[in-house]
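Only heavy atoms go into these numbers, but all of them, side chains included; no hydrogens, no water, no symmetry mates. Quick caveat, the model's predicted, so the values are computed rather than measured. Note on naming: letters A, B, ... go to the chains in the order of the sequence lines (proteins, then strands), and numbering restarts at 1 for each one.
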Number of protein chains: 2
Amino acid sequence: MNLITLNARAGRISFVTGPVLYFAPDQELYSQGGTADMFLKLVAGAVRTCRFLNDGRRQIDAFYLPGDIFGFEFAAEHSLSAEAICDCTVISYRWRGLANARANQDGLPERLFAHAMRNLARAQSHARLLGFSSAAEKLAAFLLEWSEHSADRTLITLLMSRQDIADYLGMTVETVSRTLTQLRNDGLIEFISARQIKLLDVAALTALTA
Amino acid sequence: MNLITLNARAGRISFVTGPVLYFAPDQELYSQGGTADMFLKLVAGAVRTCRFLNDGRRQIDAFYLPGDIFGFEFAAEHSLSAEAICDCTVISYRWRGLANARANQDGLPERLFAHAMRNLARAQSHARLLGFSSAAEKLAAFLLEWSEHSADRTLITLLMSRQDIADYLGMTVETVSRTLTQLRNDGLIEFISARQIKLLDVAALTALTA
DNA sequence: CGTCTCCTTGATTGAAATCAACTTAGGTGG
DNA sequence: CCACCTAAGTTGATTTCAATCAAGGAGACG
């Protein structure tokens, strides 16, 4: 039984690559421990990958945006769960190991390799962020990371909740909220709304991230 | 000017793969920002990769043991420095991009891909560890991670200093020391010497890592 | 208009950082 | 071989920052 198909709200076979799937907010795309025989490419929406600790805590490993590939594993099982942050459209790819992927000469292996290297850099960057000692440093790094994905580098739209941010940064919602308020009071950022943040002093934010 | 050659204590051309290089403890194999036109495979010894923050703090990204490949980057520059923990022997490989690597059919691309995936898993595991809230959880996870590399899974030899451990776990030396003492007092571990630790209660340690 | 969820703020507690001293182990040279 | 010296590790006292416990707003949606 295929978890991806199981959880899909609607699915059809794409004539090129694989079934296109749709997910509603907070719906699980695949789960930690599930068979990793497929990987996904996000077409529209936003996705978070996370793990759940046995005491109920949640860690968010990464956020994905359109164009990103995720759920690709060497192991037989997914090491993380993937959840839709908002309405999502994804393309699924069947996966039977590297040898198989190399057999067809459509350039997929190169893209997968590039994907692996990009995700490696991403994971290292995340580890760097988590290694920061103070909440302000972590949040500054997080905001700058997300400004990279915005058309206007100084006006960012957070697609995720404060809880998601907290679980990504390894801290509590309260500290996220307090620290953002702090950064606002210090004149480094400005709230357009709770999820729309204007970066007023990128240099100062960058300085915080050492 | 090649950083690797520059820093090598002694070097000769290996008839198969590339120059073999030797490094003394704390010697730099390559540095953050240096040209990433080579990557290395550790033959003997132990290596740490790290970054330095502008206020002098150090973060350790990973430890490498014989057989491991490191310093392989998609970017033009090394994002981390590599330093020898003890006397090291490494084999260097020239690197001019993926296309070039694929051209020769010696199976290197597959190994590099596997390497990328393995390092990705490693980095995710590190992020998971750094996401833990308490010092005891982090240290338990660290000890278990290292027990994987020991012949006897319950007797581990730490090749690195307490400071190295602290910088890997994102905490201070004092807290590392105190927490290890705590784990010893709780009967989870036993000190043979400062760097030789016997795991007495693997189940309890595992429970700590959720 | 009310309700629910998300976000923010406040008061207090607790764990790790910091500052500081002491101990141990390893290495060197007399 | 021993004594010293240094680096590494441990332990103690205090401070600081984030977690926790608790409550108060604000926006979204029916």
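- Considering only residues two or more places apart in sequence or on other chains, B:Arg51 meets the salt bridge (charged side-chain N to carboxylate O under 4.0 Å, His left out) condition with B:Asp61.
- A search for ring pair (Phe, Tyr, Trp, His ring centres under 6.0 Å) contacts involving A:Phe132 returns nothing, not counting sequence neighbours.
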Expected string for nucleotides 6-14 of chain C under the B/S/- scheme (protein heavy atoms, under 4.0 Å, primed atoms plus P, OP1, OP2 as sugar-phosphate) is SSBBBB---

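- A side-chain hydrogen bond (donor to acceptor under 3.5 Å, both in side chains) check over residues 201-210 of chain B, counting only residues at least two apart or in different chains, returns nothing.
- Between the NZ atom of A:Lys138 and the P atom of D:dC17 there is a distance of 14 Å, rounded to whole Å.
- For B:Thr172 and C:dA16, the shortest distance from a side-chain N or O to OP1 or OP2 is not below 4.0 Å.
- Between A:Leu169 atom CG and D:dA19 atom P there is a gap of 10 Å when expressed in whole angstrom units.
- Atom P of nucleotide C:dA16 and atom CZ of B:Arg57 are separated by 18 Å, given to the nearest angstrom.
- Legend: residues meeting ring pair (Phe, Tyr, Trp, His ring centres under 6.0 Å) with B:Phe63, ordered by chain and number and at least two apart, are B:Trp146, B:Tyr168.
- Every residue two or more places apart in sequence or in another chain that forms a side chain to side chain donor-acceptor pair (under 3.5 Å) with A:Arg58 is listed here: A:Asp164, A:Asp167.
- Not one N or O on the side chain of A:Asp186 forms a donor-acceptor pair closer than 3.5 Å with the backbone of A:Leu188.
- Residues meeting the salt bridge (charged side-chain N to carboxylate O under 4.0 Å, His left out) test with A:Arg122, sequence neighbours left out: A:Asp68.
- What separates CD of B:Gln196 from P of C:dA25 is a distance of 14 Å, to the nearest Å.
- With sequence neighbours left out, the side chain to side chain donor-acceptor pair (under 3.5 Å) criterion links A:Arg118 to no other residue.
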Please list, for nucleotides 4-6 of chain D, all pairs of protein and nucleotide N/O atoms separated by less than 3.5 Å.
none

Donor-acceptor contacts, no H, no angles, side chain residues 135-143 of chain B, under 3.5 Å, sequence neighbours left out:
from: B:Glu137; atom 1: OE1; to: A:Arg57; atom 2: NH1; distance (Å): 3.4
from: B:Glu137; atom 1: OE1; to: B:Ser133; atom 2: N; distance (Å): 3.3
from: B:Glu137; atom 1: OE1; to: B:Ser134; atom 2: N; distance (Å): 3.2
from: B:Glu137; atom 1: OE2; to: A:Arg57; atom 2: NH2; distance (Å): 2.6
from: B:Lys138; atom 1: NZ; to: B:Leu169; atom 2: O; distance (Å): 3.2

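- Counted by atom type alone, B:Asp152 and B:Thr154 present one or more donor-acceptor pairs between their side chains at under 3.5 Å.
- The stretch residues 128-136 of chain B touches DNA chain C through B:Ser134, B:Ala135, each having a heavy atom within less than 4.0 Å of the strand.
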Return all side-chain donor-acceptor pairs below 3.5 angstrom for residues 170-177 of chain A, not counting sequence neighbours, or 'none' if the list is empty.
from: A:Thr172; atom 1: OG1; to: A:Thr175; atom 2: N; distance (Å): 3.3
from: A:Thr172; atom 1: OG1; to: A:Thr175; atom 2: OG1; distance (Å): 3.0

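- Taking atom CD1 of residue B:Ile189 and atom C1' of nucleotide D:dT10, one finds them 13 Å apart after rounding to whole Å.
- B:Leu139 places its CG atom 10 Å from the P atom of C:dA16, with the value rounded to the nearest Å.
- We find that CE of A:Met171 is positioned 17 Å from C1' of C:dA15, with the value rounded to whole Å.
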